[in-house]
Amino acid sequence: MATASPAVAGDRLLTGQISRTSDTTHNNIVHQRGLVPMTQARPVWNLPRPKAWSLPTTAIAPNVDTVIHVLVLRFNFQYETVDDSNTTGRGVMDLSTPLADSADSARYYDSVGFIVDPPPHNAAYFNAQMKALNFYWNRVSEGHDSLAWDIYPRAGDSVYQLPHEMAYYGKCEVDSVVYGLERYFVDGIHAADADPSVDFSKYNAIIMFHAGADRQNDLGFPPTCSDLFTGFINFRDSVAVKGGKYIHEAVMMPEAISQDNRATALNAVMAHEFGHQLGLVDLYNTSNFMTELGDFSLMDDNGFGTGIDFGFKGGKVFGAVPVYPDAWSRAYLGYVPVGDFRKGTDLRIVAAEAISSGMKIARVPISENSFYLLENRNDRLTTGVLHMLVDFATGVFMGPADANRNLTGEYDFLLPGSGMLIYLVDEYVAGLDYDGNGVDNFKDNQLQWDPRRRFLSLVEGSGIVYFGGDYHAGYGSADDMYRDDRN
């Protein structure tokens with residue numbers, strides 16, 4: 001049962017129990033599809049690598065870091081004078097204040113059943129979301145990446161106005177989905193560019209928050225097919241803005257994603273989508289959305305196979321904590337040096353989350369195009385009760401914390417256990433062209449399409465292949481990990 005401590009220093013703590021779900025009926029329906037195939041590799045760090053999909057020949061040098069400047073934009077659609085049954089909400093940001101006092105808070109909780117990413121969704125709320133995102137990427141990048149951001153419009157409750165209702169951009173027809181999102185991207189960038197205070201040339205990344213929920217979290221009670229997909233868009237063309245700059249990519253996010261009586265926080269999906277901004281690819285099967293690495297990888301299912309029971313009457317909370325990026329993703333971005341080893345060598349591999357200069361990723365070459373990657377993942381590095389730090393003013397989850405309200409960075413506490421994970425990397429797959437369009441699988445974001453030969457596979461410790469096989473069983477288990485006492 002969850003307990004909340006008294007508010008101190010502008011935040012509070014929640015404690016809860018982790019519970020894993022093997023309900024594959026919905027598979028959480030959080031499909032982070034690549035909206036538009038990537039046209040180029042986009043790692044923030046320009047590290048040397050033989051091919052676009054290859055691990056860099058050298059990692060980022062120790063004590064070297066960079067600041068990624070992010071432009072955060074907020075958008076309303078045209079207000080729906082008649083509520084559209086195919087959309088969540090009426091097209092405008094929820095700026096109500098249901099937690100203004102204890103009585104209002106109690107009424108809100110009784111109505112909704114949980115307090116996850118509650119309104120008002122104003123500048124302070126999005127600032128808190130960015131703080132949580134910044135801490136995550138700063139931690140998993142070993143301190144190499146940090147975010148600095150500006151939120152526009154500047155006024156706390158101001159929102160840019162788009163020229164159409166949500167259904168104009170959120171297309172129910174599958175073959176029109178990307179077209180609608182491109183229209184949203186173009187209209188949104190134009191709306192922000194009309195603000196003379198916005199200078200796009202100052203930023204390395206853009207996050208576009210829109211009113212309403214998203215289509216991935218539509219569980220169908222009732223269906224809302226005109227909700228926009230959350231994702232990273234790489235626009236086929238580009239949008240010219242003042243100053244001679246051209247904009248062609250952005251992260252697209254809703255103001256909140258809880259719907260259909262399911263409590264889901266923005267944290268995990270924001271971390272996943274920003275991973276695309278940094279240069280990472282999707283590691284689920286983008287043709288059918290089937291998980292390939294489960295809860296072991298941010299760029300697969302984000303850890304959505306787990307929920308945290310804070311005692312809310314609405315049930316478990318999903319997406320509150322993004323799991324660590326897998327070994328390949330961290331190595332690809334150059335965050336972690338990779339040590340090469342061969343048969344007969346004893347290895348000492350430090351846990352991924354540990355603050356240590358020890359080796360965290362080992363590579364065992366197989367051939368010119370394939371190799372194993374080994375990493376050590378631990379679901380707890382500290383002792384005592386692990387809490388969730390919550391921003392008191394906005395209700396946003398900031399991350400795992402200790403009893404003294406210090407963020408611990410223990411994002412892997414949602415894992416099913418602790419142990420070694422072994423991955424098989426087949427780089428030959430990246431250079432193939434599965435859909436025959438003349439673009440390789442890496443740029444097309446199609447690396448995991450063939451269950452018989454995937455770019456990145458988990459060597460499951462149990463010897464029973466669940467991921468990528470002909471059947472699906474949950475999101476990974478402790479039996480997939482290697483330890484002295486099993487496997």
Charged N-O contact under 4.0 Å between Lys171 and Asp175:
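A salt bridge is absent here (no side-chain N lies under 4.0 Å from a carboxylate O).
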
With the threshold set at 4.0 Å, does a side-chain nitrogen-carboxylate oxygen contact exist between Arg107 and Asp110?
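Result for this pair is no, no salt bridge flagged.
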
Decide side chain to side chain contact (heavy atoms under 4.5 Å, CB included) for Phe296 and Asp480; before the verdict, give the C-alpha distance in whole Å, the side-chain angles of both, and the deciding distance to 0.1 Å.
CA-CA 10 Å; Phe296 298 116; Asp480 295 319; 3.8 Å; yes

Going by distance alone, is a donor N or O of one side chain under 3.5 Å from an acceptor N or O of the other, for [X] and [Y]?
X      : Y      : result
Asp300 : His272 : no
Tyr335 : Asp145 : yes
Thr230 : Asp214 : yes
Asn378 : Glu353 : no

Only pairs at least two apart or in different chains count here, so list each salt bridge (charged side-chain N to carboxylate O under 4.0 Å, His left out) that has a residue in residues 375-389.
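Residue pairs passing salt bridge (charged side-chain N to carboxylate O under 4.0 Å, His left out), neighbours aside: Arg330-Glu375, Glu375-Arg377, Arg377-Asp412, Arg380-Glu410.
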
Classify the ring geometry between Tyr184 and His210 as parallel (under 30°), tilted (30 to 60°) or perpendicular (over 60°).
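Geometry flag for His210 against Tyr184: perpendicular rings.
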
Given side chains that start at C-beta, do those of Asp479 and Glu460 come closer than 4.5 Å, heavy atoms only?
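SC-SC contact between Asp479 and Glu460 ruled out.
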
Please report the shortest heavy-atom distance between Met388 and Val321, naming the atom on each side.
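Heavy-atom minimum between the residues: CE-CG2, 3.1 Å.
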
So, does Lys360 use its side chain to make a donor-acceptor pair with the main chain of Ala354 at under 3.5 Å?
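Indeed, once roles are kept as given, a pair shorter than 3.5 Å links the two residues.
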
Can you tell me if Gln277 uses its side chain to pair, donor with acceptor, with the backbone of Ala250 under 3.5 Å?
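Absent.
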
